Amino acid sequence: MVNKVLIANRGEIAIRVMRACREMGIPSVAVYSEADKEALFAKYADEAYCIGPPPATQSYLNIQKVIEVARASGADAIHPGYGFLAENPKFARACEENGIKFIGPSSRVLELMGDKVMARREMTKAGVPVVPGTDECVAEFGEARKIANEIGYPVIIKPSGGGGGIGMTIVANEGELAKALDSTQAIATTTFGLCDVYIEKYLSNPRHIEFQILGDSKGNAIHLGERECSIQRRHQKLIEESPSAAVTPEMRAKMGEVAANGARFVGYEGAGTMEFLFSGGRFYFLEVNARVQVEHPVTEMVTGVDIVKEQIRIASGLPLSIKQEDIRMNGSAIECRINAEDPLNDFVPTPGKIKSYHSPGGTGIRVDSGVYASYTIPPFYDPMISKLIVWGRNRNEAITRMRRALYEYIIVGIKNNIPFHKAVMENPRFMKGELGTHFIDNETTLIEDMKRIMEQEKPLEEKLSHLFEEKKRIAAISAVAAVTQMYHQRQTRQ
Ligand code: MV4
């Protein structure tokens, strides 16, 4: 087993990794920027070192500095979390060259999966169905026109070095093609340093369904079922669930096997995600996310597998602790990402001081966060406050439990998207499981529903804000009781 793990990340995911380390008896090392001196993760670690100024480029993205702290502290492994250096092959290679175990796939696999055209080609070879499109980069207009005519409009042009939606352009007809090719190539060059782009058939309002995979150094690869992440806004996922309401046990078994085969084919070591679009009853491979993901807890809730512990075991050269036939999907889990953003003002980030804080609890609730009452969320990083994850015996129970939990959740001081989540949990199409990647745009009443909910809570909030200043602790508890009671009254009136 590895002896000491440095976590090259911040916030809730840093704590998530340290919790796994602690349960495994492995000391943890935090690295933090000057903006994160007071952050919970820096206190939670066994050791913590400041690595630079607030901007990530001068701290969390500074490969040299992170490696230096790992060596100085005697850490023999680095967990990169998600974002920052997590899928950077140069960082994985720097670890490899310094005799430090990178907790994730090899630099070779990161390189392969980072190039989306290459990933498509490899997965096709492994028998994974991909979206109809090119298996080479498209350099000039004549070529693009020929391909687009073959697969039929609409098409989508994507940067090969990209992923996550940045720079993608939808093309409705040949008249739009030249301009779209130019602009995608420009973004590909400026953002990813590679002018390569590729073309796919554009699927309208597909569901975003991804499979969790685990591969070890012995050549074993298994899947932990799927997550549905269709509810997203501007390529930011907001709500994720497992299992998907659209996937039958037979489809899960088949697609899971296909995903695990893809992982085995490339020699995938660690935890990863195979993203698919699901449309017309069929799956189409999009890309591999070669890291632990924000939404991994919904999979942990339904399978009982600790994904981060498996990552650490795999990096230590141990085989997977579970076999495919041991994996059972039990019940249903939903995650809401609680963000510091103003849902009434185009979801602009609202970092700042959390004056009072009371998170929900009870049966089937998990809250992964890196915040506490009186903590100030710095403006330099992504504005996620926490992840609220619930488990239920079935999807309906998970939804009613999520509603209950959202009404218990009290965050005073900064605007946040809890009202938005409350509106989604009451949305008839959400309740029926009728989802698609354009859900938020299509559900035009969501913002009004949210305003109605906020209006109903207003008198209560005003009353409570006084209480919070005077008797913080007792008020928090009374707030929970009062708001929850108000919610139940509304439910029974309907
Ligand atoms: C697509 C697609 C439709 N057809 N690919 C967005 C995130 C990234 N992982 C893949 N994405 C998409 N890929 C094909 N062939 C639809 C999306 C997509 C999207 C694309 C452009 C603008 C907004 C979008 C919102 C959701 C999904």
Side-chain angles (χ1 to χ4, degrees), residues 82-83 86-87 113-121 123-124 128-138 144 147-173 176-177 179-181 183-185 187-188 191-192 196-212 226-240 244 246 259 262 272-291 293-295 337 346-347 424 434-443 446:
Y82 52 70
E87 292 172 276
M113 296 300 112
D115 182 328
K116 304 306 167 191
V117 173
M118 217 126 74
R120 266 175 67 88
R121 216 181 299 145
M123 289 307 136
T124 308
V128 180
V130 302
V131 190
T134 50
D135 54 11
E136 303 271 352
C137 290
V138 178
I147 290 151
N149 279 328
E150 272 167 27
I151 59 182
Y153 290 91
V155 299
I156 183 166
I157 310 182
K158 302 181 174 185
S160 182
I166 302 154
M168 294 180 182
T169 317
I170 301 160
V171 187
N173 53 59
E176 295 176 4
L177 186 62
K179 199 170 148 238
L181 185 65
S183 75
T184 311
Q185 280 173 339
I187 294 170
T191 315
F192 307 111
D196 295 343
V197 304
Y198 63 109
I199 301 180
E200 281 178 358
K201 174 82 186 164
Y202 177 71
L203 307 173
S204 67
N205 201 23
R207 299 171 84 116
H208 175 135
I209 293 174
E210 56 187 35
F211 277 79
Q212 177 68 52
E226 80 283 4
R227 296 183 284 264
E228 169 145 17
C229 314
S230 294
I231 304 199
Q232 52 86 45
R233 196 181 159 278
R234 299 199 183 150
H235 306 300
Q236 280 293 111
K237 294 168 186 166
L238 285 167
I239 299 170
E240 305 97 342
S244 163
T273 299
M274 289 235 186
E275 279 190 11
F276 293 90
L277 293 179
F278 183 75
S279 179
R282 293 165 73 136
F283 282 96
Y284 302 93
F285 169 80
L286 269 189
E287 53 191 72
V288 172
N289 300 132
R291 57 169 189 271
Q293 286 194 280
V294 176
E295 60 271 25
R337 297 192 190 187
D346 204 28
F347 294 84
V424 176
E434 292 172 9
L435 307 182
T437 43
H438 302 303
F439 178 87
I440 293 177
D441 290 331
N442 290 346
E443 293 305 307
L446 269 180

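All of these numbers come straight from a predicted model, not from anything done at the bench. Ligands are counted one by one from 1 in listed order, and the atoms in each one are counted from 1 as well.
- Ligand 1 places these atoms under 4.0 Å from at least one heavy atom of L203: 3 (C), 4 (N).
- Taking every heavy atom of E275 and a limit of under 4.0 angstrom, the matching atoms of ligand 1 come to 9 (N).
- Judged by distance alone, with hydrogens and angles left aside, the side-chain atoms of E228 form no donor-acceptor pair with the main-chain N or O of R207 at under 3.5 Å.
- Here is the list of ligand 1 atoms found below 4.0 Å of a heavy atom in E287: 9 (N).
- Annotation for ligand 1: atoms under 4.0 Å from non-hydrogen atoms of K201 are 4 (N), 14 (C), 15 (N).
- Checked against R120 for a salt bridge (charged side-chain N to carboxylate O under 4.0 Å, His left out), the options E287, E275, E136, E200 give a single hit: E200.
- Relative orientation of the Y202 and H438 rings is tilted, given thresholds of 30° and 60° on the angle between their planes.
- Heavy-atom contacts of V131 reach the following atoms of ligand 1: 15 (N) (cutoff under 4.0 Å).
- A donor and an acceptor atom, one from each side chain of R337 and Q236, are nowhere located under 3.5 Å apart.
- Looking at K116, M168, R234, it is M168 that brings a heavy atom closest to atom 11 (N) of ligand 1.
- Using a 4.0 angstrom heavy-atom cutoff, K158 counts as in contact with ligand 1.
- Those atoms of ligand 1 with a heavy atom of Q232 less than 4.0 angstrom away are 25 (C), 26 (C).
- Set against the non-hydrogen atoms of Y202, the atoms of ligand 1 under 4.0 Å away are 2 (C), 3 (C), 4 (N), 16 (C).
- For the pair H438 and ligand 1, the shortest N or O to N or O distance does not fall below 3.5 Å.
- Atoms of ligand 1 lying under 4.0 Å from any heavy atom of G165, numbered from 1 in the order shown and given with element: 7 (C), 8 (C).
- Aromatic ring pairs are classed by plane angle as parallel below 30°, tilted from 30° to 60° and perpendicular above 60°; the pair F278 and F283 is tilted.
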